[in-house]
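Structure, as structure tokens:
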2 protein chains.
Amino acid sequence: MTILDRWGEGVTATIYDVARHAGVSVATVSRVLNGLKVREDLVERVRETVLRLNYTPSRTAQRMRKSTSHLWALIVPDFENAFFTRVARGVEEICQPRDTCVFIGSSDDDPEKERRYLEVALAERVGGVVITPSSDTTDLTRIVSAGIPVVVVDRAVPNGAYDTILTDNMAGGRLGAEHLLGQNLRTVACVVGPENPTSQARLEGFLSAAKASPAIDIVRIERGNNRLDGGYRAMQRIIQSEARFDAVFVTNNLMAVGIIKALGDMLPERRNDIPVVGFDLDEIPLLSGACIASINQDPHEIGRIAGERILLQQAGTPPVCSIALRPTLVATAGLGYP
Amino acid sequence: MTILDRWGEGVTATIYDVARHAGVSVATVSRVLNGLKVREDLVERVRETVLRLNYTPSRTAQRMRKSTSHLWALIVPDFENAFFTRVARGVEEICQPRDTCVFIGSSDDDPEKERRYLEVALAERVGGVVITPSSDTTDLTRIVSAGIPVVVVDRAVPNGAYDTILTDNMAGGRLGAEHLLGQNLRTVACVVGPENPTSQARLEGFLSAAKASPAIDIVRIERGNNRLDGGYRAMQRIIQSEARFDAVFVTNNLMAVGIIKALGDMLPERRNDIPVVGFDLDEIPLLSGACIASINQDPHEIGRIAGERILLQQAGTPPVCSIALRPTLVATAGLGYP
DNA sequence: TTGAAAGCGCTAACAG
DNA sequence: CTGTTAGCGCTTTCAA
């Protein structure tokens, strides 16, 4: 009974089936498949048989023999966040030509969920892990000691010797302050995210550049939860404090949406006259009439570089590189459509 | 030389290492790991050794023996599109408790790229494939004949006998028309996507319900490319035609953004007085002052159901189910924040 | 219960 | 240049 007789039963041809049908040895089939030197007529026969039997080599079996894996893991806090899907795109751009796929796990900033995904990555013996750690306690040592390349993106691991790719957030904050100074806007309210390194660096950068002369007068600093409602409520508090301000600086994109909404609700007459400077504001300017400047990261590039570092590590380069990408500032005029 | 001597060289303990260190056979280790009956003290010894050696069973090897795979494939036209990341979430919700992961491929509506991802899914012998086909020519027969469960989502495959989960787009169109009728808006311009089943069904549904009495007067139907610029240009053409209209119906979310932008640019004084009815408008109403009604699909639910159908197929249920989810309409008032 | 041993599908020596 | 064969790490008979 050959593979052809078992057709339709949910079976797949194996390399033995191909060998038998083509009248050669499995080694020859393997060689043809891997492009090694084989007599021309045998190559022909094998190729024909592969097609006829619909043979697809099992990567699972391949992985057992070779040490390389065509599967990578990407573990991010939230794959519904456009920032991370763009990172994924960047990684994909590196994988795709190498016939490699990425499985994506969303840790939802839950260390336990993240741990499970790391466990899976290890169990699958993936070819590489690209991760945005959910917290400072993320343990990558097991992955590393299994010899799996790791690249950390977007957030650094404190005193971890990993390849790290992130945005120079302090430079981003400075960029924001310089923009406001250039526009002669000197009375500014700030909305800052939770006390994590990212928010802190953005704020610090802003504060340091705000100390120009003449300096920016920071009338108020409010904290928010990096989500829409946090931005809304922070803006509410600022407005209720009756502080005078002629621009807002915010360290996160979702909070910016909440801020714009709050301005529209509470100060409708000034709604479009208060510039908002924030991070990764993307298409917001298109929809709101507000005057907006966006300090943009380049997640796609972050993903690409991460992918390239994985490849380098696979080739033996030790993971000792830390790359900080400079963000760029785009003001409304440059974003409008068309 | 044991595994402990080779530490730090990028090696992983195998089941043999555990067996040797625990002084039992590999069969016993396997049994402990799989929760079969084993003498209590041996269980203890094995457990302890597993921890000490940092042993993680290789899923690759497991997959070679068992037929089940803890890896599924999700192939979508664009994983940067929030609709599909939400589908992914839904699928993940089903996978996660079963320790299963999803690798995501973006076909970018390119049949060749899609074919490659399907090839990978086959080569990896995944446990299931959830796919939004890029075109009518998508070939799923090889996957199926390999015995891999397949669920088609969002777009149906013509005369394909696959489990299919999608939105009742015709009902969505009807919902839009009924909403406008209820608001007494009877002079409407339509912007419709490319001639694919989705756009067509949405338009047909709209047209059929528009034939109420008194009927909706459809002053113009423009086609667009389902992207932002397509919506913008379609709206431009409508405005330039000088047709009178007091509402817009649009079959796609990105085009809605373009439309709102065009209204703002070309009819600033009426910008917030022309209601726009579209699909999956999500947070757009938050940002634009426009009056908006959104006909919402439930991508998360689509993903969940797809995941469940995969499980059922794995358990032997034949794939013969086609589910059309009813969308729901939400008007601006209900979407505002907070 | 436990252990020995036969594969799962493939690659890579090693012989011929 | 081709074929035979020994594993990769695991599960699962089959005996003991």
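Note on naming: letters A, B, ... go to the chains in the order of the sequence lines (proteins, then strands), and numbering restarts at 1 for each one. Bear in mind that the values here come from a model prediction, so they are computed numbers and not experimental data.
- Judged as a side chain to side chain donor-acceptor pair (under 3.5 Å), and not counting sequence neighbours, D110(B) has no contacts.
- The salt bridge (Lys or Arg N to Asp or Glu O under 4.0 Å) contacts involving residues 69-79 of chain B comprise R89(A)-D78(B), where partners must be two or more places apart or lie in separate chains.
- For residues 127-148 of chain B, the salt bridge (Lys or Arg N to Asp or Glu O under 4.0 Å) pairs, not counting sequence neighbours, are E119(B)-R142(B).
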Show every donor-acceptor pair shorter than 3.5 Å between a side-chain atom in residues 152-162 of chain B and any protein atom, with sequence neighbours excluded, or say none if there are none.
from    : atom 1 : to      : atom 2 : distance (Å)
R155(B) : NH1    : D109(B) : OD1    : 3.2
R155(B) : NH1    : P133(B) : O      : 2.9

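- Axis angle between the ends of the helix from dT1(C)-dA16(D) to dG16(C)-dC1(D), five pairs each and rounded to 10 degrees, works out to 50°.
- Counting 5' to 3', DNA chain C first comes under 4.0 angstrom of a heavy atom of chain A and last does so at the ends given by dG9(C) to dA13(C).
- With sequence neighbours left out, T317(A) forms a side chain to side chain donor-acceptor pair (under 3.5 Å) with no residue at all.
- Taking V38(A) as the reference, T28(A), R31(A), V32(A), L42(A), V43(A) meet the side-chain contact (heavy atoms from CB on, under 4.5 Å) condition, with sequence neighbours excluded.
- With sequence neighbours excluded, no residue satisfies side chain to side chain donor-acceptor pair (under 3.5 Å) with T49(B).
- For T28(A), a side-chain nitrogen or oxygen approaches OP1 or OP2 of dG3(D) to under 4.0 Å.
- Among residue pairs with one or both ends in residues 309-325 of chain A, those qualifying as salt bridge (Lys or Arg N to Asp or Glu O under 4.0 Å) are D163(A)-R309(A); sequence neighbours excluded.
- Between A306(B) and V130(B), the closest heavy-atom pair is CB-CG1, 4.1 Å.
- With sequence neighbours excluded, the residues forming a side chain to side chain donor-acceptor pair (under 3.5 Å) with E112(A) are R115(A), listed by chain and number.
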request  = Assign a letter to each nucleotide of nucleotides 8-16 of chain D from its 5' end: B, base within under 4.0 Å of a protein heavy atom; S, sugar-phosphate only; -, no contact.
outcome  = BBBBBB---

